[in-house]
Colleague: 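The structure follows.
If you're wondering where the values come from, they're calculated on a predicted model, not measured in any experiment.
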Amino acid sequence: VQLVESGGGSVSAEGSLTLSCVSSGYTYKSACMSWFRQVPGKEREGVAAIDSSGRTSYADSVKDRFRISKDNAKATVTLQMSSMKVEDTAMYYCAAAENFTPTVWGAGWHRHCFGDWGQGTQVTVS
């Protein structure tokens with residue numbers, strides 16, 4: 001299992017940035033894919049997730065600004081970020097979990113979609 005992120009960088013406030021994560025080794029029938037972020041000294045927080053049927057879940061702080069999507073044929077999950085804020089600055093990690101059932105977790109299930117992690121990609125908003 002491997003997750004490789006790309007697309008990080010620097011952007012001005014109110015700007016946009018798109019992150020991508022290419023995965024290998026998953027059977028997409030039951031896997032969820034997600035994005036987490038972390039700043040030094042703080043816990044890693046769930047940002048967004050998408051399950052095998054395409055359902056999505058977002059953190060309140062990014063709802064209406066970020067959009068997660070996936071392309072099963074390309075084994076890629078994408079996070080489109082817009083109207084970015086300085087507080088979006090963080091290391092962003094792609095994560096995935098097999099045999100994930102969102103209804104088990106209820107609202108906010110994006111926080112629980114993890115099992116394997118990518119290396120991370122830095123996003124800086126100024």
Side-chain angles (χ1 to χ4, degrees):
V1 171
Q2 189 175 21
L3 300 168
V4 180
E5 304 99 333
S6 63
S10 297
V11 63
S12 300
E14 296 302 317
S16 300
L17 201 63
T18 298
L19 305 181
S20 295
C21 173
V22 179
S23 64
S24 61
Y26 284 97
T27 55
Y28 280 91
K29 289 183 178 180
S30 61
C32 72
M33 305 289 293
S34 63
W35 289 93
F36 283 71
R37 65 187 182 187
Q38 187 172 26
V39 297
K42 292 190 176 181
E43 290 188 0
R44 194 170 295 188
E45 67 166 339
V47 175
I50 185 166
D51 75 355
S52 57
S53 64
R55 285 176 294 187
T56 57
S57 176
Y58 294 91
D60 288 341
S61 60
V62 305
K63 199 173 295 183
D64 299 326
R65 298 190 299 119
F66 290 10
R67 179 176 178 272
I68 189 170
S69 60
K70 65 175 181 173
D71 184 332
N72 289 342
K74 296 181 180 180
T76 300
V77 61
T78 298
L79 185 68
Q80 295 175 290
M81 304 181 289
S82 60
S83 301
M84 296 188 73
K85 304 177 180 180
V86 172
E87 50 264 41
D88 293 323
T89 296
M91 183 71 79
Y92 282 71
Y93 296 90
C94 177
E98 283 278 22
N99 301 314
F100 185 88
T101 305
T103 53
V104 170
W105 301 101
W109 57 265
H110 59 278
R111 296 191 294 266
H112 304 283
C113 172
F114 64 89
D116 296 294
W117 298 93
Q119 298 276 21
T121 185
Q122 179 67 36
V123 172
T124 302
V125 185
S126 60

Colleague: To the nearest 0.5 Å, tell me how far Met81 CE sits from Thr78 OG1.
Modeller: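 The CE atom of Met81 sits 11.0 Å away from the OG1 atom of Thr78.
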
Colleague: Please check if atom CD in Glu43 has more than 12 non-hydrogen atoms from other residues, nucleotides or ligands closer than 6.0 Å.
Modeller: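 Open.
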
Colleague: List, by chain and number, the other hydrophobic cluster members for Val104, where Ile, Leu, Val, Met, Phe, Trp and Tyr join if side-chain heavy atoms come within less than 4.5 Å, directly or indirectly.
Modeller: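 Cluster partners of Val104: Phe100, Trp105, Trp109.
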
Colleague: Looking only at heavy atoms, what is the nearest atom pair of Ala96 and Met33, with distance?
Modeller: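 Minimum heavy-atom contact is CB-SD, 3.4 Å.
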
Colleague: What is the distance from atom CD of Gln38 to atom CE of Met91, rounded to the nearest 0.5 Å?
Modeller: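 Between Gln38 CD and Met91 CE, I get 9.0 Å after rounding to 0.5 Å.
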
Colleague: Using the rule given for side chain to side chain contact (heavy atoms under 4.5 Å, CB included), can you reason through Arg37 versus Val123, listing the C-alpha separation, both sets of side-chain angles and the distance that settles it, and then say yes or no?
Modeller: CA-CA 9 Å; Arg37 65 187 182 187; Val123 172; over 6 Å; no

Colleague: Give me the atom names and distance for the closest heavy-atom approach of Met84 to Val11.
Modeller: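 Smallest interatomic distance, heavy atoms only, reads SD-CG1, 3.8 Å.
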
Colleague: Do any N or O atoms from the side chain of Thr121 and from the backbone of Glu5 form a donor-acceptor pair under 3.5 angstrom?
Modeller: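 Pair absent, no side-chain N/O of Thr121 close to backbone of Glu5.
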
Colleague: Could you tell me whether a side-chain N or O of Thr76 sits under 3.5 Å from a main-chain N or O of Val22, the two making a donor and an acceptor?
Modeller: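 A pair under 3.5 Å: no.
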
Colleague: Could you measure the distance from the OG atom of Ser52 to the CD atom of Glu98? Nearest 0.5 Å is fine.
Modeller: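 If I round to the nearest 0.5 Å, the distance is 9.5 Å.
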
Colleague: I need the His110 NE2 to Arg55 CZ distance, nearest 0.5 Å.
Modeller: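 Output value for this atom pair is 15.0 Å.
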
Colleague: Could you tell me which non-hydrogen atom of Leu79 sits nearest to which non-hydrogen atom of Ala48, and how far apart they are?
Modeller: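 Where Leu79 meets Ala48 most closely, the heavy atoms are CD1-CB, 4.1 Å.
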
Colleague: I'd like to know if the side chain of Ser23 and the backbone of Ala75 have a donor-acceptor N/O pair within less than 3.5 Å.
Modeller: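 At least one qualifying donor-acceptor pair exists.
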
Colleague: Quick one: are Val77 and Ile68 in side-chain contact, heavy atoms under 4.5 Å?
Modeller: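 Sidechains of Ile68 and Val77: in contact.
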
Colleague: To check you understand the geometry: which heavy-atom pair defines the closest contact between Thr89 and Val125, and what is its length?
Modeller: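 Answer, listing the atom of Thr89 first, then Val125: OG1-N, 2.8 Å.
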
Colleague: Sub-3.5 Å donor-acceptor pair from the side chain of Lys70 to the main-chain atoms of Cys32, do we have one?
Modeller: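 It does not hold such a pair.
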
Colleague: Can you tell me if CD on Gln122 sees more than 12 non-hydrogen neighbours from other groups inside 6.0 Å?
Modeller: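 For Gln122, atom CD is crowded (more than 12 foreign heavy atoms under 6.0 Å).
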
Colleague: Distance from His112 atom NE2 to Thr101 atom OG1, nearest 0.5 Å?
Modeller: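 Reported to 0.5 Å precision, the distance equals 13.0 Å.
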
Colleague: What closest approach, in Å, do Cys113 and Ser34 show between heavy atoms, and which atom pair accounts for it?
Modeller: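 Minimum heavy-atom separation between Cys113 and Ser34: O-OG, 2.6 Å.
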
Colleague: May I ask whether Val1 and Ile50 are part of the same hydrophobic cluster, defined by side-chain heavy atoms of I, L, V, M, F, W, Y residues being less than 4.5 angstrom apart, directly or through others?
Modeller: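 Yes, it is one cluster - the side chains of Val1 and Ile50 are joined through contacts under 4.5 Å.
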
Colleague: What pairs of residues pass the ring pair (Phe, Tyr, Trp, His ring centres under 6.0 Å) test when at least one of them lies in residues 32-84, not counting sequence neighbours?
Modeller: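 Found Phe36-Phe114, Phe36-Trp117.
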
Colleague: If you measure from the Lys or Arg side-chain nitrogens to the Asp or Glu carboxylate oxygens, is any gap between Asp60 and Lys63 under 4.0 Å?
Modeller: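 A salt bridge links Asp60 with Lys63.
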
Colleague: Just jot down the side-chain contact (heavy atoms from CB on, under 4.5 Å) partners of Ser83, sequence neighbours excluded, or say none.
Modeller: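 Result, side-chain contact (heavy atoms from CB on, under 4.5 Å) vs Ser83: Glu14, Arg65.
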
Colleague: Please name the pair of heavy atoms, one in Ala59 and one in Gly46, separated by the smallest distance, quoted to 0.1 Å.
Modeller: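 The answer is CB-O, 3.5 Å.
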
